[in-house]
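First comes the structure, then the notes that go with it.
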Amino acid sequence: MVRPHLSPTRRRLTVAAAVVAASAVAVTVTASAGASDTRDQARRAIQGGKAKNVILLIGDGMGDSEITLARDYTVGANGRLDMDKFPLTGAYTTYSVHKDGTPDYVTDSAASGSGWATGVKTVNGRISKTPGSDKAVPTILELAQKKGYATGSVTTAELTDATPAVLASHATDRSCQGPADMAKCPTDTIAAGGPGSIAEQSVNHKVDVLLGGGRQRFDQKVTDGKYKGLTVTQQAKRLGYQVITDDRQLRAVKGGKPVLGLFAPGNVPVEWTGKAAAKGGTEPQRCTTANPGRPAGTPALQDQASKAIKLLEAKQKATKSKRGFFLQIEGASIDKQDHAADPCGQIGETAAFDRAVKVARAYAAKHPDTLVVTTADHAHTSQIVPLDAQPPGLSSTLVTDEGQQLKVNYSTNTPGASQEHTGTQVRIAAQGPQAYRVLGVTNQTDLFGTVRDALGLRR
Ligand code: MG
Ligand code: ZN
């Protein structure tokens, strides 16, 4: 079975031939991962069954072009990222809906997150509430928590940003991040009898592990109710949270009590820097792989991911629970650097996210009862174009680790404006119990059902 002398392309052809020969098998098997046992992994992954744990990794704005760009730059055109190594790969559609339920072909992270977190599509900007009636819909994290799973959410954005927000809060608009940000959510305020801002809801939910940025939201003062006059951080401490703010504290913190890690005032500063794309292009550039603007003591996403897993395991051990955990890990600034047409920032964040994928897969290798899913919430603007192309918008030429030039184009909005999401389908890849359900072309909302059934949850 093992033919190490075959090139990945040749190996893929061999598998394709085998699939044609079997002719009844209509599955897409990613067999070019370099691992000789990919087909065995795939066979195992196609079995259903229950998962003890689920690790869901979301690359925000990480469409196929973002993955390809990071691959080309860091490991080469024929190299493979860790996220390329899952045995089962499919595609899913990400569209959101208008208030009347008709499709809105380009989603934002709030509506798409609500889709995978609740199984219900909503309008852009909405956090886990219905599109028309604006009613809260139970989330996968809430259901998991109710059934006794430990729960966690890790992000490079603010913890109150749309992607983490969809798991442990319900808001009319994604902007309602802290108690002072409630203008667009009149019925969600505590004064109006609502659940309060995204920050307040997140800590009220007692999610076991919350790691990311957004300290400024938690430093805002609660305006009404039981915690009036306290900051949300003080409220979190009252609720039993250990609050940490840097790498050293992250390493030292012990399980047993919930952990709130706030590692930056806003978004966690990006890993890499370089010249942003420009009208007419840039000189060929290499990326700077250490951002001087990233404060020492800012934990890497991969370290947050592995600590989150340890803390969640510790929680279950301390409470003698037979259940495992649900953990979401977001690479948020792939999207944000795409918006800013900054290819180096974008690639560095994709590479950082990929290292978190590696942590998750290494855990699953030792704990095969773990479902690991890696996907995006929507596609984005960057495109790899020919070197002699003269795109009218923003572009930049990079010199890859292979020593070749690569031109990347950002033209989904006028230069100077924020570049935009796109409406194309994105990759979803998985391994472990129920992983086969990502095969073929599915809908983003199907991911909710996959995780729900893997953990044996009921809505
Ligand atoms: Mg996000
Ligand atoms: Zn975005």
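Both ligands and their constituent atoms are indexed starting at 1 by order of listing. For the numbers below, each heavy atom of this structure counts, side chains included, while hydrogens, waters and symmetry mates do not.
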Sorted by chain and number, protein N/O/S atoms nearer to the Mg ion (ligand 1) than 2.8 Å are D60 OD2, T163 OG1, E330 OE2
Between K50 and D369, is there a salt bridge with N-O shorter than 4.0 Å?
no
Only one of D173, D188, T122 passes side chain to side chain donor-acceptor pair (under 3.5 Å) with K129, and that residue is D188
If the condition is ring-ring contact (aromatic ring centres under 6.0 Å, His included), which residues does H378 pass it with, not counting sequence neighbours?
H380, H421
Would you say the side chains of S96 and N124 form a donor-acceptor pair under 3.5 Å?
yes
How would you list all residue pairs meeting salt bridge (charged side-chain N to carboxylate O under 4.0 Å, His left out) that involve residues 201-220, not counting sequence neighbours?
E158-R217, D181-R217, D208-K315
No-hydrogen, no-angle side-chain donor-acceptor test under 3.5 Å, Q444 and T94
no
Pair listing, side-chain hydrogen bond (donor to acceptor under 3.5 Å, both in side chains) test, anchored in residues 259-272, at least two apart:
none
Any N/O/S atom, backbone or side chain, of H339 lying under 2.8 Å from the Zn ion (ligand 2)?
yes
Taking the Zn ion (ligand 2) as the vertex, how big is the angle to OD1 in D335 and NE2 in H421, rounded to 10°?
90°
